[in-house]
Amino acid sequence: MNSVRCADLRKTYKQGDQDVIGLDGVSLEVEQEGFVCLRSPSGAGKTTLLNAMGGLDRPDSGEVYVAGKRIDNLSKGKLAEMRLRNIGFVFQAYNLIPVLTAMENVEFVMHLQGVPAPERAKRAGEALNEVGLEGLENRRPAKMSGGQQQRVAVARAIVSRPAIVLADEPTANLDSSSARHLMALFARINETRGTTFVIATHDEMVMSYAKRLIRMRDGKIVEDQLQET
Amino acid sequence: MSITLRLAWRNLWRQPRRTWLTAGAMVFSNVLLIFLIALQLGTYQAMIDNTLGAFSGHLQVQRSGYKENQRIRQVVPRIRDVAEELRSGLGLNSVAARGEAFALASSASRTYGIRIIGVEPEFEPRASRIPSLVNAGRFLDDPVAPEIVVGEILALNLKAQVGDELTILGSARDGSFAAAVVNIVGVFDSGLDELDRSLAQMPLEFFQETFAMNGAGHAVVINAPGLFEVESVAEKANSLLPRGQNLVVHDWNDLQPGLRQAIQADLIGSWFMYGILVILVMFSVLNTQLMSVLERTKEFGIVLSLGLSSGRLGRLVLLETVLIGLIGLALGVALGGIATSWFETHGFTYPGMEEMAQQFNVPDRFYPDLNAISLFAGPVVVFAGSVLAAIYPMARLHWLRPVQAMRSA
């Protein structure tokens with residue numbers, strides 16, 4: 001079964017008076033336990049495709065399926081529920097909630113899911129251990145390095161065991177050492193938990209971890225190849 | 001504490017100065033509202049007590065139609081017995097029988113038309129304040145003596161003083177002449193010119209004899225323990241009245257219709273002022289919450305992308321407003337309660353008040369009435385208004401899209 005399937009996605013943006021093509025007939029299937037990198041120069045449609053796959057943005061036409069369920073026609077509330085249950089996000093700018101500690105940031109999604117408090121605390125603690133942040137549970141984002149913040153974001157993304165984790169330029173704000181650590185972490189989670197990863201990047205190091213590499217240009221997929229890691 | 005509550009609470013203190021300024025505006029308006037409403041209620045209480053206590057009382061039992069057309073023949077028969085039954089039935093001593101007539105009063109040099117009230121010397125001091133306002137001589141103390149107390153202006157007009165004689169000439173109940181010579185034993189100053197210019201009081205039994213009342217009178221005055229008890233006392237008094245005599249119980253609103261109208265007119269003006277104060281606080285809250293929402297647009301985009309629904313996000317902003325409102329409510333009620341409580345004990349006055357009090361026989365200090373209404377009405381409205389002010393910032397969140405929100409700076 002596929003984690004994500006997109007069929008003939010089209011999306012056009014207005015930029016001033018001009019129409020800019022974000023997606024131009026993109027069809028894609030991402031298998032379970034996949035580790036996919038979307039590569040392209042900036043503005044070629046990677047983030048637009050990720051947003052459509054994650055239900056953050058609606059395509060103008062085409063269909064998106066997540067865990068076998070069509071999501072492009074869901075209402076706003078159902079889309080939010082779908083994201084909550086099925087998708088983990090890792091953003092370029094970490095995007096942690098500044099007033100919550102690392103532990104609380106990780107717990108937040110489970111709180112929205114209605115997971116009971118003891119279970120939340122247990123799972124959040126495990127997730128933080130898994131990303132190597134034991135001992136930093138009560139630290140707020142402002143007191144952590146970029147690499148540590150991104151690890152908290154990863155822990156937040158994986159803690160509710162989503163079908164798929166979508167990561168948009170996750171290493172862009174990290175130094176090379178932190179970036180390598182992060183990718184090693186992604187690969188380990190993919191291996192041990194079977195979590196599907198779709199990562200948008202133009203970092204060659206990140207691509208080296210991918211099992212499948214998709215190249216985009218002008219809103220289209222121009223190359224789709226498997227690779228040995 | 002749930003994460004939502006923790007999040008809301010901590011969000012408030014990201015900008016502590018702004019939060020304190022907003023809460024401070026609420027506290028200030030709450031303290032002001034508590035004091036002003038309590039002072040207003042206290043002033044009304046004083047106004048009512050002063051006006052009703054001076055003469056008319058909270059309730060009067062009269063013959064039906066007497067209030068509209070005060071003819072001497074519209075009587076309450078055996079009025080002292082009726083008053084006695086009401087005193088024992090109601091368990092109140094502040095019940096007094098009265099008779100009323102119009103007559104000419106002549107001193108050695110002048111004659112004036114006056115309103116004579118026959119009163120029970122024993123009970124009248126509990127039913128009205130005039131006995132305590134005698135500033136020359138004394139009040140009546142003998143139920144049958146040919147004595148009279150007169151208003152200060154009337155005494156001046158008659159050029160009479162304590163110890164002088166007055167000749168009373170009027171029309172008795174049976175149509176005959178009513179004539180008597182009485183001694184002025186006291187002069188009172190009620191502060192109400194209308195009373196001081198025309199009113200005189202004599203013992204009820206002497207009045208009944210002079211005006212051939214045959215044991216009858218015109219009104220039984222009842223003072224309830226407080227304004228809130230007036231209605232229940234009126235109901236009970238009604239049930240105690242002798243049947244078949246066409247007697248009615250009038251409350252203070254019937255007896256002094258202008259008083260309630262004056263209070264209502266004053267209330268309308270005050271509510272308008274309080275409304276403006278609440279609206280100003282609402283704008284302060286609206287400004288704070290709107291700024292706070294605009295500043296956190298990107299953060300809201302994040303939590304929306306994580307799966308928080310816009311409804312829950314709106315509730316988070318509402319919860320933040322509720323928390324500021326509760327701070328304002330708690331501190332406002334505490335400080336306002338303490339301050340107003342002090343004034344409730346020590347009274348509130350301002351320069352010139354003493355002279356005015358002496359002139360009009362009103363208290364020289366106003367005592368705010370701190371009760372559940374004065375303590376909570378204003379703060380609860382401020383709280384509700386603040387929560388209402390959060391609706392617009394909340395509504396903005398409804399249309400927020402995660403992608404656009406996360407792109408915002």
Side-chain angles (χ1 to χ4, degrees), chain A residues 11 13 22 47-48 50-52 54-59 75-101 103-117 120-121 124 140-142 153 156-157 159-160 162 166 168, chain B residues 1-19 288-289 291-321 323-324 394-409:
Chain A
K11 178 83 181 177
Y13 294 108
T47 300
T48 310
L50 275 190
N51 288 341
L56 292 178
D57 208 358
R58 289 179 199 277
S75 68
K76 204 169 130 186
K78 285 192 172 153
L79 259 185
E81 183 68 18
M82 186 282 301
R83 288 196 298 269
L84 183 62
R85 304 279 166 195
N86 297 292
I87 298 179
F89 289 96
V90 179
F91 303 99
Q92 178 180 337
Y94 328 132
N95 288 353
L96 299 177
I97 301 169
V99 293
L100 297 182
T101 63
M103 185 79 165
E104 289 164 344
N105 262 290
V106 178
E107 276 189 82
F108 185 71
V109 174
M110 289 187 286
H111 171 75
L112 299 181
Q113 290 174 334
V115 176
R120 269 199 327 250
R140 288 201 188 177
R156 180 178 68 184
V159 73
S160 54
L166 303 175
D168 190 5
Chain B
M1 203 194 313
S2 81
I3 282 189
T4 315
L5 188 56
R6 246 178 291 172
L7 193 57
W9 180 252
R10 288 178 196 170
N11 278 336
L12 287 187
W13 304 110
R14 290 163 87 163
Q15 298 278 357
R17 195 181 306 174
R18 192 165 64 197
T19 300
T288 301
Q289 288 306 79
M291 289 275 287
S292 159
V293 163
L294 289 174
E295 276 172 7
R296 290 183 289 159
T297 303
K298 184 177 180 183
E299 200 175 308
F300 290 150
I302 299 166
V303 290
L304 285 173
S305 72
L306 294 176
L308 185 72
S309 66
S310 51
R312 284 183 84 163
L313 187 57
R315 288 200 290 278
L316 176 72
V317 172
L318 184 68
L319 185 59
E320 290 171 14
T321 314
L323 289 174
I324 300 187
M394 275 172 68
R396 283 182 64 96
L397 296 176
H398 185 70
W399 287 282
L400 206 59
R401 290 169 177 271
V403 173
Q404 282 82 0
M406 280 193 289
R407 277 193 199 128
S408 72

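These numbers come from the heavy atoms of this one structure, side chains and all, not from hydrogens, waters or symmetry mates. To find a chain, count down the sequence lines: A is the first, B the second, and so on, and within it residues start at 1.
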Side chain / backbone / both / neither for A/Arg85 at chain B, heavy atoms under 4.5 Å:
neither

Quick one: are B/Ser309 and A/Lys76 in side-chain contact, heavy atoms under 4.5 Å?
no

Between A/Phe91 and B/Ser305, what is the shortest heavy-atom contact and its length?
CZ-OG, 3.3 Å

Assert top hit (heavy-atom pairs under 4.5 Å, partner chain B, pool A/Ala93, A/Pro98, A/Gly77) equals A/Pro98

Go through the atoms of B/Arg296 and report whether side chain, backbone, both or neither lie under 4.5 Å from a heavy atom of chain A.
neither

May I have the step-by-step check of side chain to side chain contact (heavy atoms under 4.5 Å, CB included) for B/Leu306 and A/Leu84, ending in yes or no?
CA-CA 6 Å; B/Leu306 294 176; A/Leu84 183 62; 5.9 Å; no

Please classify the contact between A/Ala157 and chain B as side chain, backbone, both or neither, with a heavy-atom cut-off of under 4.5 Å.
neither

Can you confirm whether A/Asn95 sits close enough to B/Glu299 that some side-chain heavy atom of one is under 4.5 Å from a side-chain heavy atom of the other?
no

May I ask you to test the A/Leu56-B/Met406 pair for a side-chain heavy-atom distance under 4.5 Å?
yes

Sequence neighbours excluded, which residues qualify as ring pair (Phe, Tyr, Trp, His ring centres under 6.0 Å) partners of A/Phe108?
none

Looking at every heavy atom in both B/Pro402 and A/Arg83, which two are closest together, and how far apart are they?
CG-NH2, 4.0 Å

Side chain from CB out, backbone as N, CA, C, O: work out which of these in A/Glu107 comes under 4.5 Å of a heavy atom of chain B, or both, or neither.
both

Run through B/Val303, B/Thr4, B/Leu308 and flag the one making a side chain to side chain contact (heavy atoms under 4.5 Å, CB included) with A/Leu112.
B/Leu308

Taking side chain to side chain donor-acceptor pair (under 3.5 Å) as the definition, give me every residue that meets it alongside B/Arg10, ordered by chain and number, with sequence neighbours left out.
A/Glu104

